Amino acid sequence: MKLKYCIISLIFLTITSSVLLSCDDDETVYYSGKDADIKFLPFTSYRSFYACDNKCIVTRAKQGENKDLKYYLVKVGVDGTIDSTFYTFSEAEDITSSDGDMYFNSSNQLFLVNKDYTTNSFTIFRYDAADFSQRKTMTFCLPDEFNNPGSTPLDDGGYAFLAQKMSFEDGTSEWFLYRLDADGNEREPMPLYLNVEDVRMIYSFGNSLIVYRSNWLEHLNIFSFYTFEGKFLNEVIIPYSGMETHKLHFVNNSLYLSIGDYVDGKKYNTFYRLDYEGNVLQKTPTMMFYDYECITEIDGRIYVAGQKNRSHEGKGSADDGIVYSIDRDNFEDIDSIKMKYKDVIPLAVMPDQKEGYNVFLIRRYNYTDEMMNDNTTRNIYIYHVDDLHNLQIDD
């Protein structure tokens, strides 16, 4: 079966300008293509997708404009069921709402974080990815004399903030880690002895704090691992040659790190598997790979779904979708499933409860110039296949 035949059978479907959100299974429409089950998802996402425990993806959708803009968390199960919840960080009618930043910990808890830069304060909503009905709200205000280069959710449901206090006399910095416990109570700030200046982000993984910085002059990515008592554990240093990007994913007690590097206008990615203390366990060869959404693990293999290339035919135009299947213990054993069909991008691969795979993917139908120039116009589907190579199109 070729993916294009399934898509042709769905070509009459488009997503309207309104966002459809429902907890009702009846609003999920089911279609069948040759040798494949296809489920159409009736909403438009505008943000990244996060894979949760091989059972669902989580993203965000919005309705309205300007002061009437509303944001929703949306969860889609592998069976096509949709759950959503409205959220806002401000009830004031004269303030444009913010959607915040989304983070996950390795316990499948979801955090929406909004920072008010005028007051150096934070509002945090915590959800269980399996159940949006319960929400925990936490707040925190950083002292005015501190900068905040990064924050991170913690595996116990708490949240941590890295704080920097600079001395204008000698140019040195003092570093502190502020933490909220799972109930939102503030703990005593802990001093950190970081012999660094340019910290860009922090992450947590198990009982380790990861401090990320980039050495611009020497073109180095540096990931320093510490305990939450401030003890240095390890450092991972990865060189890059062009314009770098990176992503971290926590899957089944492993940390997967991707380093993206632009060279001669093309983007390449290398994937690393690390343990809790920052030891590199596996490393893939460098692969030409523009971007991806999720990493999942099925039966000892990890699946990275995204797009190999980026087209320059128009704003938001993309092609060459691809799934990489990588042996978890041998990162040299790599299989690829190419979906070279205009504007088809796989998002995540998850197992079916009985057999085969459920592949979340997006396809944009560019019927009008307005839609073609709007990279949020994306139709979302779930394809069920017994063999991922059934989705292969390489001509």
Side-chain angles (χ1 to χ4, degrees), residues 19-28 30 39-63 70-91 97-114 122-140 151-160 179-185 203-206 248-253 293-298 347-354 358 360 380 382:
V19 178
L20 300 178
L21 300 167
S22 175
C23 302
D24 190 345
D25 295 358
D26 292 339
E27 295 206 19
T28 300
Y30 294 84
K39 302 169 186 178
F40 170 72
L41 308 178
F43 74 94
T44 300
S45 169
Y46 75 100
R47 283 287 195 175
S48 296
F49 294 79
Y50 296 83
C52 300
D53 203 24
N54 280 351
K55 295 178 181 178
C56 65
I57 60 171
V58 175
T59 185
R60 284 181 280 181
K62 58 185 177 181
Q63 280 183 312
K70 294 183 178 180
Y71 295 104
Y72 297 85
L73 276 177
V74 184
K75 177 179 61 178
V76 183
V78 292
D79 60 354
T81 56
I82 299 175
D83 189 12
S84 67
T85 186
F86 164 77
Y87 72 92
T88 180
F89 288 105
S90 175
E91 300 294 343
S97 178
S98 168
D99 61 345
D101 296 314
M102 181 185 288
Y103 304 99
F104 279 83
N105 62 14
S106 59
S107 302
N108 272 331
Q109 291 176 314
L110 181 160
F111 297 74
L112 292 173
V113 182
N114 186 64
F122 298 79
T123 302
I124 303 162
F125 297 153
R126 187 188 71 218
Y127 300 85
D128 187 327
D131 182 7
F132 285 169
S133 64
Q134 300 295 322
R135 185 180 83 185
K136 174 65 179 180
T137 300
M138 299 183 283
T139 59
F140 174 73
S151 63
T152 181
L154 304 176
D155 285 351
D156 63 2
Y159 205 85
R179 282 186 287 178
L180 303 178
D181 63 21
D183 294 322
N185 300 311
Y203 305 91
S204 67
F205 179 44
L248 281 82
H249 301 264
F250 310 109
V251 184
N252 290 348
N253 297 320
E293 294 281 349
C294 305
I295 293 180
T296 55
E297 185 176 320
I298 306 170
L347 302 172
V349 178
M350 296 186 184
D352 184 73
Q353 292 182 349
K354 297 180 180 179
N358 291 297
F360 291 81
I380 305 173
I382 304 174

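Given the structure is predicted, the values throughout are model-derived calculations rather than measurements.
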Testing the basics here: between [X] and [Y], what is the closest heavy-atom pair and its distance to 0.1 Å?
X	Y	answer
Y127	L112	CE1-CD1, 3.9 Å
S98	G100	OG-N, 3.2 Å
G157	F111	O-CE2, 3.7 Å
A51	C294	N-SG, 3.6 Å
A129	C52	CB-SG, 3.9 Å
L154	Q109	O-OE1, 4.5 Å

Discussion item. Which residues pass the ring-ring contact (aromatic ring centres under 6.0 Å, His included) test with F140, not counting sequence neighbours?
Written reply: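 With neighbours one apart ignored, the set is F161, Y178.
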Discussion item. For F205, give me all partners under ring-ring contact (aromatic ring centres under 6.0 Å, His included), at least two apart in sequence or on another chain.
Written reply: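 For F205, the residues satisfying ring-ring contact (aromatic ring centres under 6.0 Å, His included) (neighbours in sequence not counted) are F250, Y276.
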Kindly say whether [Y] contributes a backbone atom to a donor-acceptor pair with the side chain of [X] at under 3.5 angstrom?
X	Y	result
K136	D183	yes
S204	T152	no
Y87	D99	yes
N105	S107	yes
R126	A182	yes

Worksheet entry | side-chain contact (heavy atoms from CB on, under 4.5 Å) evaluation trace for L347 with T59 | CA-CA 11 Å; L347 302 172; T59 185; over 6 Å; no
Discussion item. Set out, in order, the CA-CA distance, both residues' side-chain angles and the distance that settles side-chain contact (heavy atoms from CB on, under 4.5 Å) for V74 and I82, then state yes or no.
Written reply: CA-CA 7 Å; V74 184; I82 299 175; 3.9 Å; yes
I'd like to check the side chain to side chain donor-acceptor pair (under 3.5 Å) partners of [X]; sequence neighbours left out, ordered by chain and number.
X	value
R179	none
T296	none
S106	D155
D181	N185

In Å, rounded to the nearest 0.5 Å, how long is the span from [atom1] of [X] to [atom2] of [Y]?
X	Y	atom1	atom2	result
K75	T85	NZ	OG1	10.5 Å
T139	L180	OG1	CG	7.5 Å
I57	S48	CD1	OG	11.5 Å
F104	D53	CZ	CG	11.0 Å
I382	M350	CD1	CE	8.5 Å
L110	M102	CG	CE	4.5 Å

Discussion item. Taking ring pair (Phe, Tyr, Trp, His ring centres under 6.0 Å) as the criterion, tell me which of Y71, F89, F132 meets it with F125.
Written reply: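 Only one of Y71, F89, F132 forms a ring pair (Phe, Tyr, Trp, His ring centres under 6.0 Å) with F125, namely F89.
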